[in-house]
Amino acid sequence: LFYSDGFTIFDKTHNPMPNGFIQGNTTATHPIFVIPKPGSEQSYYMIINSNGFGDPFLSWIEIDLGLNGGFGDVVSNVGEVLLDNPTGKITAVLHSNLTDIWVVSHELNSNNYHAWLATENGISATPIISPIGSNIMASDFDSGNGQIKTSHSGNQIVAVNRGINTVEIFNFDRSLGTLYNPIILAN
């Protein structure tokens, strides 16, 4: 298919895609995160986390494997910035309609989790925001990193915050994109 080192997207023959130069932060837990484009057999959405490079942002692009003679390329003029101040955490959850996908990340300097709906038409610019759990501050760099994972069913999300030594477990509403009912385990 394709892969990336956080700076370049490579095709299946290990050559850079013509428009595959990105600004992922390779020190983030998830510098890039890829999900299939709902309803497509050959397109994917790549979420790019630039956290840690000057003005951090979380953005997305579309990769179509039918472009560039079947080796794939980034689709021109598709994608945008989702969040101006992300942590290094990104995960995805299948929507309850079993087609669309929620992309979930945490905002830096807040306790806000953002969930964007990915559909066949792109990733929504307007997130569902759940103010819940710990404040992740830029002054505590390690807290912005750490894993965020979903349960197999997608009904729970767990986040590990290294710098403040917490593990947070939330229920996740796969229809609405909201996190609720926090359980916070502290050191």
Worksheet item: Taking the side chain from Ser130 and the backbone from Ile132, do they hold a donor-acceptor pair closer than 3.5 Å?
Response: no

Residue set satisfying side chain to side chain donor-acceptor pair (under 3.5 Å) with Ser96, at least two apart, ordered chain then number -> Ser175

For Tyr180, the hydrophobic cluster (side chain heavy atoms closer than 4.5 Å, chained through members) also holds none

Joining Ile, Leu, Val, Met, Phe, Trp and Tyr whenever any side-chain heavy atoms lie under 4.5 Å apart, the cluster holding Phe10 also takes in Tyr3

ring-ring contact (aromatic ring centres under 6.0 Å, His included) filter on Tyr113, not counting sequence neighbours, yields His106, Phe170

Can I get a per-line list of side-chain donor-acceptor pairs under 3.5 Å for residues 116-126, giving both atom names and the distance, sequence neighbours left out?
| residue | atom | partner | partner atom | Å |
| --- | --- | --- | --- | --- |
| Thr119 | OG1 | Asn121 | N | 3.1 |
| Ser124 | OG | Thr126 | N | 3.2 |
| Ser124 | OG | Thr126 | O | 3.0 |

ask   = What orientation do Trp102 and His95 show, parallel under 30°, tilted 30 to 60°, or perpendicular over 60°?
value = parallel

Side chain to side chain donor-acceptor pair (under 3.5 Å) filter on Asp173, not counting sequence neighbours, yields none

Contacts satisfying ring pair (Phe, Tyr, Trp, His ring centres under 6.0 Å) that involve residues 65-88 (not counting sequence neighbours) are none

Residues joined to Leu176 in its hydrophobic cluster, side chain to side chain under 4.5 Å directly or through other members, sorted by chain and number, are none

Donor-acceptor contact below 3.5 Å, side chain Thr150 vs main chain Gly154: no

For Ile129, the hydrophobic cluster (side chain heavy atoms closer than 4.5 Å, chained through members) also holds none

Hits for salt bridge (charged side-chain N to carboxylate O under 4.0 Å, His left out) against Glu62, two or more places apart or cross-chain, chain-then-number order -> Lys37

Atom pairs and distances, donor-acceptor, side-chain atoms in residues 73-83, under 3.5 Å, two or more places apart:
| residue | atom | partner | partner atom | Å |
| --- | --- | --- | --- | --- |
| Asp73 | OD1 | Asn19 | N | 2.9 |
| Asp73 | OD2 | Asn19 | ND2 | 2.9 |

With a 3.5 Å distance limit and no angle check, can you tell me whether Asn135 reaches the backbone of Asn111 through a side-chain donor-acceptor pair?
yes

Residue set satisfying side chain to side chain donor-acceptor pair (under 3.5 Å) with Asn68, at least two apart, ordered chain then number -> none

